Amino acid sequence: MFIKNELVNFLNETRMYLNPMENKFLRLVLESFNKNFGFQMEIEECQHDNCDLRIDAVLKMKTQNMEFKFSAEIKSIVNLSVIGFMLHHKNDFSCAQLLVSNYINPIMAEKLKNNGINFIDAAGNAYINTPPVFIFVKGNKEKKEQAVSSMGKAFTPSGIKMIYALLCNKMLIDKSYREIAKTSGIALGTVGRVIENLKKLGFVIDMGSRGKKLTSSKALFDRWCIDYAEKLKPKLLLGTFEGPDDFWKEFHLEPDQGQWGGEVAAFKLTNYLKPENAIIYVIDEKLRDIVLQNRLKRTKKGNIEIFKNFWPIDAKQDKSIVHPFLIYADLLEINNQRTIETAKVIYDQNIAGYFRKS
DNA sequence: TAAGGGGAATAGTACATCCT
DNA sequence: AGGATGTACTATTCCCCTTA
């Protein structure tokens with residue numbers, strides 16, 4: 001079953017078909033949705049030949065005399081970055097978006113509704129706003145036994161570090177496990193496990209004697225952004241601090257201390273966004289110096305967030321900002337109008353090129 | 001709210017196998 | 001032979017969930 005998918009993915013970087021687990025999951029959710037709400041929502045066999053954009057599935061919902069189409073996006077977790085992601089891709093397709101997940105909590109349900117993002121989940125929560133159909137249900141409790149959780153064994157904190165390294169350097173996947181471990185900043189024993197899981201998910205193809213290849217890297221990156229925000233980034237937070245208005249213009253930050261992420265990096269890259277909040281990725285031993293040099297005050301709700309950088313120190317690194325992948329991921333999580341617009345620009349100008357067919 | 005029990009993740013290392 | 005490589009294994013850490 002995987003062979004065919006892998007071959008197709010191999011031939012076309014930008015497409016990603018549902019893997020068997022996602023397919024099964026989607027059918028389960030649709031079944032319960034139809035039962036709960038008395039609609040007929042089903043998967044439409046997509047004409048892949050003419051859709052160049054990545055999409056998980058096209059769904060068709062029938063009522064008495066009408067038919068609606070949705071572009072479905074399946075996500076195993078739902079956080080602010082998912083909302084950012086949905087907003088980024090809001091106008092990619094002619095049909096309305098529909099987020100499909102295992103469980104969407106009441107807070108996220110409200111946020112999704114406020115942003116006009118349709119969703120359904122396995123617990124029976126839903127928001128569908130396609131006049132004359134209107135559904136909004138939240139508060140149903142999470143069901144434990146769902147299968148989606150097993151979809152992401154590669155996306156553990158160290159797995160996320162490794163995937164970042166793989167995305168930044170596509171050649172790395174074909175190097176020795178020791179080199180991958182060193183470049184990613186993770187343990188040797190972890191590398192094999194992550195690769196195995198990436199193979200299962202269809203992101204790595206083993207071509208035997210011809211080595212390994214990273215595939216569907218655009219989809220992998222999209223997934224990485226969300227899991228990074230959920231599982232790795234919170235662990236990296238060293239503290240939040242307060243600075244004066246426009247502090248970042250005068251901020252003293254040496255390249256060997258750390259780099260700008262988030263809005264400031266986005267501004268330096270595009271000139272589009274006037275930063276209001278700052279994210280800085282620092283080498284954690286340098287935190288004290290940075291705080292002292294810039295007279296930062298530690299506060300709970302400061303506008304400066306300082307994170308520990310998780311990639312090994314690169315001697316050639318002399319830029320003042322982090323990799324566009326990280327900047328984009330930071331912006332997605334902020335997800336207001338300004339940052340999403342900027343995220344789009346950065347995606348088009350600085351990221352899309354990594355995923356073009358070669 | 002604090003403590004602590006238990007399980008998952010992972011760093012680090014030892015070892016078997018492969019390659020030159 | 002001897003270094004390089006992937007895998008098996010273990011000790012430790014971390015985090016979540018229960019319990020008082």
Side-chain angles (χ1 to χ4, degrees), chain A residues 2 6 19 21 25 75-82 101-108 121-123 139-215 220 223-240 281-285 287 300 305-314 326 329 333:
Chain A
F2 268 112
E6 286 174 359
N19 67 42
M21 272 180 295
F25 171 72
K75 296 284 179 222
S76 55
I77 45 181
V78 175
N79 56 19
L80 289 175
S81 297
V82 170
S101 186
N102 181 44
Y103 170 66
I104 289 162
N105 69 44
I107 295 164
M108 283 299 145
D121 76 5
N140 277 318
K141 294 278 190 296
E142 180 173 15
K143 290 181 188 170
K144 282 285 169 199
E145 78 290 355
Q146 284 303 327
V148 254
S149 54
S150 67
M151 271 156 49
K153 291 222 178 86
F155 294 85
T156 57
S158 57
I160 291 163
K161 289 182 188 175
M162 188 180 129
I163 291 165
Y164 175 74
L166 292 176
L167 287 167
C168 289
N169 174 11
K170 282 190 181 182
M171 295 296 111
L172 185 62
I173 187 66
D174 215 21
K175 299 282 165 53
S176 76
Y177 283 19
R178 278 172 178 76
E179 188 168 343
I180 295 174
K182 198 170 154 234
T183 311
S184 311
I186 66 172
L188 172 63
T190 307
V191 174
R193 190 178 50 79
V194 175
I195 288 183
E196 271 317 299
N197 281 290
L198 287 177
K199 276 192 210 166
K200 274 193 188 143
L201 293 170
F203 292 118
V204 167
I205 299 175
D206 199 331
M207 301 179 296
S209 59
R210 289 187 297 138
K212 296 188 206 67
K213 191 181 189 302
L214 200 64
T215 186
L220 180 59
R223 170 95 192 255
W224 177 85
C225 290
I226 288 153
D227 285 70
Y228 168 66
E230 183 78 12
K231 296 179 201 150
L232 179 57
K233 197 174 174 185
K235 290 175 193 287
L236 304 173
L237 185 65
L238 295 173
T240 57
Y281 289 91
V282 308
I283 292 154
D284 55 349
E285 303 89 63
L287 176 67
K300 279 231 163 87
E305 287 180 300
I306 300 189
F307 294 88
K308 184 165 68 173
N309 75 352
F310 61 88
W311 55 96
I313 302 146
D314 181 353
L326 258 183
E333 205 184 3

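Just so it is clear: chains get the letters A, B, ... in the order the sequence lines come, proteins before strands, and each one is counted from 1. All values derive from a computational prediction rather than experimental measurement.
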Figure out the [atom1]/[atom2] separation between [X] and [N], and round it to whole Å.
| X | N | atom1 | atom2 | value |
| --- | --- | --- | --- | --- |
| A:Lys182 | B:dG12 | NZ | P | 14 Å |
| A:Leu237 | C:dC15 | CG | C1' | 17 Å |
| A:Arg193 | C:dT10 | CZ | P | 17 Å |
| A:Ile173 | C:dT5 | CD1 | P | 15 Å |
| A:Lys231 | C:dC15 | NZ | P | 14 Å |
| A:Asp174 | C:dT5 | CG | C1' | 14 Å |
| A:Ile195 | C:dT5 | CD1 | C1' | 12 Å |
| A:Lys235 | C:dT13 | NZ | P | 15 Å |

Heavy-atom distance under 4.5 Å between the side chains of A:Lys75 and A:Ile226, does that happen here?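 SC-SC contact between A:Lys75 and A:Ile226 confirmed.
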I'd like to check A:Thr183 versus A:Asn169 (side-chain heavy atoms, cut-off strictly below 4.5 Å). Are they in contact? no
Nucleotide nearest [X] when distance is taken to its side chain, options [options]:
| X | options | value |
| --- | --- | --- |
| A:Ser176 | C:dT5, B:dA9, C:dC14 | C:dT5 |
| A:Thr190 | C:dC15, C:dG6, B:dA11 | B:dA11 |
| A:Tyr177 | B:dG12, C:dG6, C:dC14 | C:dG6 |

Is the shortest side-chain N/O distance from A:Thr156 to OP1 or OP2 of B:dA8 below 4.0 Å?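 No, A:Thr156 has no side-chain N/O under 4.0 Å of OP1/OP2 on B:dA8.
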Could you write out each protein N or O paired with an N or O of nucleotides 13-16 of chain B at a distance under 3.5 Å?
none

Between the main-chain N or O of A:Gly185 and the side-chain N or O of A:Trp311, is there a donor-acceptor pair closer than 3.5 Å?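 Not a single qualifying donor-acceptor pair exists.
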With a 3.5 Å distance limit and no angle check, can you tell me whether A:Ser101 reaches the backbone of A:Asp121 through a side-chain donor-acceptor pair? no
Which residue, A:Leu198, A:Ile205, A:Val204, forms the side-chain contact (heavy atoms from CB on, under 4.5 Å) with A:Lys212? A:Val204
On the ring face of A:Phe155, is A:Lys231 found with NZ or CZ under 6.0 Å from the centre and within 45° of the axis?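 Checked: cation-pi criterion not met.
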Taking salt bridge (charged side-chain N to carboxylate O under 4.0 Å, His left out) as the definition, give me every residue that meets it alongside A:Lys161, ordered by chain and number, with sequence neighbours left out. none
